[in-house]
Trainee: 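Okay, handing you the structure first.
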Amino acid sequence: MPTERFYNLPEEKKKLIKEAAIKEFCRVPMEKASINKIVQNAEISRGSFYTYFRDKEDILEYIFEDVIIQIQSFCKKVLKEEGGEFWTLPHKLLDYTLQVCENNKMFSLVQSSSGNRIIGALLDGKPGSGGCCPLKLARKSKNDSQVLLLPDVDFGRGGISVWVKELYQLVDCSSLKADSFEDFQAVFSLCVMNMMAAIGGIYQKGEDEKEAKRLFSKRLELIKYGAAKDL
């Protein structure tokens, strides 16, 4: 992860460096990305780059973790603003995640082998990682080059569990059939999987965003109220 010297930079400078790296990682595969291009676009020296990051993968990890932290902070902010009311969060989280991922070109970056590996490390809650981004990659077959974004929401792992516990403490569970943290984990994981299905529909299947959101809302209603008739 970045050095303390990087974190001490002005916010605008950190943003410029991050945007320069995203631009380069989207231009060519990670393996062919040029640090010289990054430092030119960021208007820093190559020497300065190495006082901030170890290598290209280090700055890519920072990009992913920065997005994760933004999403975590957003969830907490919404729950505080809504007085713990939970069901507003999934809709706002979908819109926010789409916006943040688009701004940071996440759906291009995650499809590199390095991006896939880094996401896996963050999901496993390695030290310094936010560990909440629920994405993994899978191929249709051994001979198929097409990759798919799939939800990966094992909330028992590392940083994920810590983060969800923080959300649980902010939620007013009176509107949930959640008498325990385990119950809340189950509800939240279903909401996240629903969100990832919508995002996958838009970015992997080319679905119209309005239609993907309509289906998201329909699935959310089933999660909220249940699919079974009164027995």
Trainee: Report whether L16 and I44 are members of the same hydrophobic cluster (ILVMFWY, side-chain heavy atoms less than 4.5 Å apart, transitive linking).
Mentor: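 L16 and I44: separate clusters.
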
Trainee: Describe, in one word, how the ring planes of F184 and Y168 are oriented to each other, choosing from parallel (under 30°), tilted (30 to 60°) and perpendicular (over 60°).
Mentor: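 The arrangement is tilted - the two ring planes meet at 30° to 60°.
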
Trainee: Going by distance alone, is a donor N or O of one side chain under 3.5 Å from an acceptor N or O of the other, for Q70 and D66?
Mentor: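 The criterion, which ignores hydrogens and geometry beyond distance, is satisfied for D66 and Q70.
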
Trainee: Does E85 offer a backbone N or O that forms a donor-acceptor pair with the side chain of D172 under 3.5 Å?
Mentor: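 Looks like no, no N/O pair under 3.5 Å.
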
Trainee: Determine, stepwise, if the pair R219 / L215 fulfils side-chain contact (heavy atoms from CB on, under 4.5 Å).
Mentor: CA-CA 6 Å; R219 291 190 297 264; L215 293 173; 3.6 Å; yes

Trainee: Give the intermediate values and the outcome of salt bridge (Lys or Arg N to Asp or Glu O under 4.0 Å) for residues E81 and K77.
Mentor: CA-CA 6 Å; E81 289 175 348; K77 176 175 175 288; 2.9 Å; yes

Trainee: Within the structure provided, determine whether L9 and I17 are in side-chain contact (heavy-atom separation under 4.5 Å).
Mentor: yes

Trainee: Would a single hydrophobic cluster contain both F181 and L79, if residues Ile, Leu, Val, Met, Phe, Trp and Tyr are joined by side-chain heavy-atom contacts under 4.5 Å?
Mentor: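 Yes, L79 and F181 fall within the same hydrophobic cluster.
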
Trainee: Measure the spacing between CD1 of I59 and CE of M1 and express it to the nearest 0.5 Å.
Mentor: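 Spacing of CD1 (I59) from CE (M1) equals 10.0 Å.
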
Trainee: Could you tell me whether the side chain of Q40 reaches within less than 4.5 Å of the side chain of E43, counting heavy atoms only?
Mentor: no

Trainee: Any Lys/Arg nitrogen of D183 or K177 sitting under 4.0 Å from an Asp/Glu carboxylate oxygen of the other?
Mentor: no

Trainee: Is there side-chain contact between L93 and V78, with heavy atoms separated by less than 4.5 Å?
Mentor: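 The answer is no; the side chains never approach within 4.5 Å.
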
Trainee: Is the shortest heavy-atom distance from the side chain of P90 to the side chain of M195 under 4.5 Å?
Mentor: no

Trainee: Considering only NZ, NE, NH1 and NH2 on the basic side and carboxylate oxygens on the acidic side, decide whether K56 and E31 come within less than 4.0 Å.
Mentor: no

Trainee: Can you confirm whether C75 sits close enough to Y96 that some side-chain heavy atom of one is under 4.5 Å from a side-chain heavy atom of the other?
Mentor: no

Trainee: Going through the checks in order, is the side-chain contact (heavy atoms from CB on, under 4.5 Å) test met by E24 and I35?
Mentor: CA-CA 9 Å; E24 179 63 8; I35 289 178; over 6 Å; no

Trainee: Nearest 0.5 Å please: distance from the CD atom of Q169 over to the CD atom of E166.
Mentor: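 With rounding to 0.5 Å, CD (Q169) is 7.0 Å from CD (E166).
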
Trainee: So, taking the atom named CG in L190 and the one named NZ in K224, what distance separates them when rounded to the nearest 0.5 Å?
Mentor: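 It comes to 15.0 Å.
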
Trainee: Is any NZ, NE, NH1 or NH2 atom of the basic residue among E209 and K213 found under 4.0 Å from an Asp or Glu carboxylate oxygen of the other?
Mentor: yes

Trainee: Taking the side chain as C-beta and beyond, is there a heavy-atom pair between L89 and E82 under 4.5 Å?
Mentor: no

Trainee: Run the side-chain contact (heavy atoms from CB on, under 4.5 Å) check on I22 and K18 step by step: do they pass?
Mentor: CA-CA 6 Å; I22 291 172; K18 184 177 80 168; 4.0 Å; yes

Trainee: Looking only at heavy atoms, what is the nearest atom pair of A178 and C173, with distance?
Mentor: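 Residues A178 and C173, closest heavy atoms: O-CB, 3.9 Å.
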
Trainee: What I want to find out is whether E11 reaches K14 closely enough, with some N-O distance under 4.0 Å, to be called a salt bridge.
Mentor: yes

Trainee: Show every ring-ring contact (aromatic ring centres under 6.0 Å, His included) that has at least one partner inside residues 1-24, sequence neighbours left out.
Mentor: F6-Y52, F6-F53, F6-Y62

Trainee: Of all heavy-atom pairs between N194 and L220, which one has the smallest distance, and what is that distance?
Mentor: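 Taking N194 first and L220 second, the nearest heavy atoms are ND2-N, 3.5 Å.
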
Trainee: Can a salt bridge be assigned to the pair K15 and E12 using a cut-off of 4.0 Å between side-chain N and carboxylate O?
Mentor: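 Result for this pair is no, no salt bridge flagged.
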
Trainee: What is the distance from atom NZ of K205 to atom CD1 of I199, rounded to the nearest 0.5 Å?
Mentor: 13.5 Å

Trainee: Of the non-hydrogen atoms in I202 and A212, which two are nearest, and what is the gap between them?
Mentor: CG1-CB, 3.5 Å

Trainee: If you measure from CZ on R46 to CD1 on I38, what distance do you get to the nearest 0.5 Å?
Mentor: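 Interatomic distance, R46 CZ to I38 CD1, rounded to 0.5 Å: 9.5 Å.
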
Trainee: Any idea which heavy atoms bring T3 and T51 closest together, and the distance?
Mentor: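 Result for this residue pair: OG1-O, 2.6 Å.
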
Trainee: Considering non-hydrogen atoms only, spot the tightest contact between S217 and H91 and give its length.
Mentor: OG-CE1, 3.2 Å

Trainee: Do R27 and K37 make a side-chain contact, defined as non-hydrogen atoms from C-beta onward lying under 4.5 Å apart?
Mentor: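 Touching, per the 4.5 Å side-chain cut-off.
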
Trainee: Grab the two heavy atoms, one from K92 and one from F74, that are nearest each other, plus how far apart they are.
Mentor: O-CE2, 3.5 Å

Trainee: Indicate yes or no: at least one non-hydrogen side-chain atom of V39 is less than 4.5 angstrom from one of Y50.
Mentor: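 No. Closest side-chain heavy atoms not under 4.5 Å.
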
Trainee: Could you list the residues that satisfy side-chain hydrogen bond (donor to acceptor under 3.5 Å, both in side chains) with S48, not counting sequence neighbours?
Mentor: S45

Trainee: Salt-bridged, R214 to E211, with N to O below 4.0 Å?
Mentor: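 Yes.
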
Trainee: Does the pair I63 and F25 meet the rule for a side-chain contact (heavy atoms from CB on, under 4.5 Å), with working shown?
Mentor: CA-CA 11 Å; I63 292 166; F25 294 147; 4.1 Å; yes

Trainee: Answer with yes or no whether the hydrophobic clustering places W87 together with F188; edges join I, L, V, M, F, W, Y residues whose side-chain heavy atoms lie under 4.5 Å apart.
Mentor: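 Yes, one cluster joins them.
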
